[in-house]
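Below is one structure, written out as structure tokens, with a few remarks after it.
For the single chain, residues carry numbers from 1 onward in sequence order. Keep in mind that what you see is a predicted model, and the values were worked out from it rather than measured.
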Amino acid sequence: MATADVVDAEVRELVERAYSRATNIITTHIDILHKLAQLLIEKETVDGEEFMSLFIDGKAELYVA
């Protein structure tokens with residue numbers, strides 16, 4: 001049972017860090033998120049080049065790691 005508790009704690013920590021990072025990225029780039037939403041409303045689909053141009057045009061820092 002102790003092993004399961006350790007694993008649960010590790011998984012919880014990983015999920016909390018990922019959630020925090022995602023929240024930070026979205027908050028930092030909310031303007032780009034809104035542009036993407038508008039583009040999706042207009043076109044329904046966005047290819048990779050269009051998606052990346054939102055970041056480049058918006059001078060966003062890309063989070064790849």
Side-chain angles (χ1 to χ4, degrees):
M1 202 58 177
T3 302
D5 291 338
V6 171
V7 170
D8 286 347
E10 282 291 322
V11 169
R12 187 175 303 110
E13 183 180 335
L14 288 171
V15 170
E16 287 173 358
R17 280 193 312 215
Y19 178 82
S20 176
R21 184 169 179 243
T23 302
N24 183 40
I25 292 168
I26 290 170
T27 303
T28 302
H29 302 295
I30 193 71
D31 56 327
I32 294 171
L33 178 62
H34 288 298
K35 288 177 186 176
L36 176 60
Q38 185 60 43
L39 188 58
L40 286 169
I41 288 169
E42 294 170 9
K43 293 184 60 173
E44 292 187 19
T45 59
V46 176
D47 65 23
E49 187 175 316
E50 291 168 315
F51 180 82
M52 292 307 293
S53 74
L54 289 173
F55 281 88
I56 293 167
D57 293 345
K59 306 285 189 271
E61 185 177 332
L62 300 179
Y63 291 85
V64 178

Q: Measure across E50 and T45 and return the closest heavy-atom pair with its distance rounded to 0.1 Å.
A: OE1-O, 4.2 Å

Q. E16: what forms a side chain to side chain donor-acceptor pair (under 3.5 Å) with it, not counting sequence neighbours?
A. none

Q. What's the shortest heavy-atom distance between V46 and F51, and which atoms?
A. CG1-N, 3.6 Å

Q.
Would you say CD of E42 has more than 12 non-hydrogen atoms from neighbouring residues, nucleotides or ligands within 6.0 angstrom?
A. yes

Q) Is it the case that one hydrophobic cluster holds both V15 and V7, taking links as side-chain heavy atoms less than 4.5 Å apart, direct or via other members? A) yes

**Q.** Connected hydrophobic set around L33, excluding itself, where side chains approach under 4.5 Å
**A.** I26, I30

Q | Point-to-point distance, once rounded to the nearest 0.5 Å, from CG of L14 to CD of E10 | A | 6.0 Å

Q. What is the minimum heavy-atom distance between T23 and T27, and which atoms define it?
A. O-OG1, 2.7 Å

